[in-house]
J.: 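Here it is, the structure, as structure tokens.
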Protein chains: 2
Amino acid sequence: MGITERKTREKQALRERILEASRRIVMRDGFSALSMRKIADAIEYSPATLYLHFDSRDEIARTLCAEGYAQMLQSVAPLADVVDPGERLKAIGRAYVAFGVAHPETYRLIFMEDPSYTDAAFVGVAADAESGDAALRLMVDSIEQMKAAGRLPASVDAAVWTEAFWATLHGIVALRLTCPVFPHTPLDTVVDAALDAWFGSPPAAEPATTDNTAEIVATVEANPATTAKTAKRVASKRAPAKPKTAPA
Amino acid sequence: MGITERKTREKQALRERILEASRRIVMRDGFSALSMRKIADAIEYSPATLYLHFDSRDEIARTLCAEGYAQMLQSVAPLADVVDPGERLKAIGRAYVAFGVAHPETYRLIFMEDPSYTDAAFVGVAADAESGDAALRLMVDSIEQMKAAGRLPASVDAAVWTEAFWATLHGIVALRLTCPVFPHTPLDTVVDAALDAWFGSPPAAEPATTDNTAEIVATVEANPATTAKTAKRVASKRAPAKPKTAPA
DNA sequence: GTCTATAGTCAGATAGAC
DNA sequence: GTCTATCTGACTATAGAC
């Protein structure tokens with residue numbers, strides 16, 4: 001039945017055009033400006049036609065959420081291949097923040113608008129509630145590995161740390177999107193500061209491929225008062241950000 | 001002129017009733033549900049009367065922002081008296097989060113709705129731009145003190161850390177308000193995890209005051225596979241951030 | 001000062017013609 | 001399937017009577 005197939009294909013195509021236009025409107029004018037009328041105008045159809053493809057404006061929004069979240073997972077999932085758990089966590093954090101600022105309105109829609117949209121994003125990405133949390137599980141596992149390697153205190157609860165670390169990433173994105181209080185600190189600088197605070201600088205961050213244990217020991221010994229946790233931070237070789245004047 | 005005084009007093013009283021009703025509506029139904037009609041209904045006046053006290057709905061919102069922010073500063077300011085800078089930062093963090101979850105809609109209005117409302121909060125609290133950032137300055141100074149005491153690496157940029165730390169607090173509050181993804185981790189537990197990650201555990205919680213250089217060395221040697229090259233290459237897959245501020 | 005009445009806009013969603 | 005036309009209801013803000 002080639003005719004029905006063509007029909008369904010055409011129907012799918014229009015559905016996609018609706019979503020595409022919606023994405024563009026959300027990106028450009030924000031979610032609150034997403035109206036059925038505007039979408040209809042954009043695709044040059046009447047508003048009534050939209051209701052043949054979506055039950056309501058809300059369903060369109062939920063679809064956008066699911067798509068956006070799936071896209072974010074795609075940028076995070078490959079980072080499971082990063083060998084070092086600390087670097088893996090940092091890579092995830094950077095990818096997460098990068099996605100948020102690259103797709104501000106999508107991010108806002110998923111995580112800052114309404115809890116039901118967050119649910120829609122997770123549900124849309126997978127039928128079972130568990131697999132939607134693949135990114136979470138990856139973070140929990142990475143933190144467990146760091147604990148096992150003695151790079152985090154044994155008292156750390158991986159699930160709790162995951163939540164708190166995610167909150168940090170979310171906060172960085174959210175502040176950028178809605179609250180430009182701080183003057184002009186580059187985003188990467190802030191992200192690096194947070195990542196270092198959470199997981200310390202990697203020992204391997206040295207350009208030298210040789211063993212640099214001696215240098216780390218020397219650094220630690222130069223600060224005998226610091227505890228193990230802070231000592232790891234002292235080992236940071238990250239170029240110190242040029243001190244700026246206090247925020248205005 | 002007792003008569004004019006009484007008049008202005010009555011005018012002030014009505015103004016306060018308007019704000020009070022607005023606060024209640026924002027708290028109960030959210031900011032988007034704050035309309036001139038609803039406010040008028042709540043105080044049993046006509047909508048037109050509101051315009052004798054406020055130019056617009058937006059001015060009411062901005063006033064709420066300024067009031068809310070001033071209230072938050074009041075709960076943070078006394079913490080300047082905490083002697084230990086680390087404990088001071090933690091106390092500020094706890095107070096900040098506590099305010100956010102105690103006044104969710106106010107918090108949302110100030111920090112999560114629109115940048116102009118954030119500005120209104122800061123401007124409303126003080127005429128000059130500097131003093132509105134008293135809380136920020138307190139945090140910057142505290143971090144500087146920790147650096148001076150050797151409890152944070154000298155490479156730390158206090159302004160950057162303040163921004164990143166604030167982002168963490170903001171993220172914790174924001175996730176609680178709009179994104180109940182994580183099941184049932186108590187708020188305090190998450191906050192404590194974040195505070196510990198940023199500023200270390202208090203001396204009481206870290207019984208081992210002895211030198212633990214050996215442990216760190218062991219950690220480094222336990223991960224010989226993660227050389228600089230591999231770790232950095234894999235980790236640098238992240239997409240470049242394309243910042244785009246959210247439209248008003 | 002306060003009101004009624006209303007202008008003017010924008011929504012989401014639907015009925016029924018074609 | 002798609003349209004036009006319309007319903008219903010929200011909103012901000014104002015004009016003018018009292």
J.: Which atoms of nucleotides 4-10 of chain C (N or O only) lie under 3.5 Å from a protein N or O atom, and what are those distances?
T.:
none

J.: Can you list the stems that DNA chain C is part of, where a stem is at least 3 pairs in a row, each Watson-Crick or G-U, with both distances below 3.5 Å?
T.: C:1-18 with D:1-18
J.: Would you mind checking if E5(A) and R9(A) are paired as a salt bridge, meaning a charged N to carboxylate O distance below 4.0 Å?
T.: no
J.: Between atom CE in M36(A) and atom C1' in dC3(D), what is the gap in whole Å?
T.: 16 Å
J.: Salt bridge between R88(B) and D81(B), side-chain N to carboxylate O under 4.0 Å?
T.: no
J.: Taking only residues two or more places apart in sequence or in another chain, which ones pass ring-ring contact (aromatic ring centres under 6.0 Å, His included) with Y45(B)?
T.: none
J.: Report the residues that fulfil side-chain hydrogen bond (donor to acceptor under 3.5 Å, both in side chains) with E163(B), sequence neighbours left out, ordered by chain and then residue number.
T.: R176(A), T185(A)
J.: To the nearest Å, how far apart are L34(A) CG and dA13(C) P?
T.: 11 Å
J.: Would R15(A) and E20(A) pass as an ion pair if we require N to O under 4.0 Å?
T.: no
J.: Counting the atoms with a prime plus P, OP1 and OP2 as sugar-phosphate, which does L14(B) contact under 4.0 Å by heavy atoms, base, sugar-phosphate, or nothing?
T.: sugar-phosphate
J.: The criterion is side chain to side chain contact (heavy atoms under 4.5 Å, CB included); which residues satisfy it with A194(A), sequence neighbours excluded?
T.: T168(A), I172(A), A164(B), W198(B)
J.: Identify, residue by residue, the members of residues 49-63 of chain A with a heavy atom below 4.0 Å from DNA chain C, and return them in order of residue number, or none.
T.: Y51(A), S56(A), R57(A)
J.: Can you confirm whether L187(B) sits close enough to V191(B) that some side-chain heavy atom of one is under 4.5 Å from a side-chain heavy atom of the other?
T.: yes
J.: Quick one, which residues of residues 15-33 of chain B touch DNA chain C with a heavy atom under 4.0 Å?
T.: none
J.: Quick test of your reading: applying salt bridge (Lys or Arg N to Asp or Glu O under 4.0 Å), list the pairs with at least one residue in residues 38-60 of chain B, sequence neighbours left out, ordered by first then second residue.
T.: D58(B)-R62(B)
J.: Under the side-chain hydrogen bond (donor to acceptor under 3.5 Å, both in side chains) test, which residues partner D119(A), sequence neighbours left out?
T.: none
J.: Let me check something: any side-chain donor-acceptor pairs from residues 46-53 of chain A under 3.5 Å, sequence neighbours excluded? List them with distances.
T.:
residue	atom	partner	partner atom	Å
S46(A)	OG	A48(A)	N	3.3
S46(A)	OG	T49(A)	OG1	3.4

J.: Please name all residues satisfying side-chain hydrogen bond (donor to acceptor under 3.5 Å, both in side chains) with T189(B), sequence neighbours left out, ordered by chain then number.
T.: none
J.: Over how many whole Å does the gap from I43(A) atom CD1 to dG1(D) atom P extend?
T.: 14 Å
J.: Between K7(A) and K38(B), name the one whose nearest nucleotide on DNA chain D is closer to the 5' end.
T.: K7(A)
J.: Just wondering, do E16(A) and Q12(A) contact through their side chains at under 4.5 Å, heavy atoms?
T.: no
J.: Name the atoms and distances for all side-chain donor-acceptor pairs under 3.5 Å in residues 102-111 of chain B, with sequence neighbours left out.
T.:
residue	atom	partner	partner atom	Å
H103(B)	ND1	F99(B)	O	3.3
H103(B)	NE2	Q71(B)	NE2	3.4
Y107(B)	OH	Y96(B)	OH	2.7
Y107(B)	OH	H170(B)	ND1	2.7
R108(B)	NH2	M112(A)	O	3.0
R108(B)	NH2	E113(A)	O	3.0

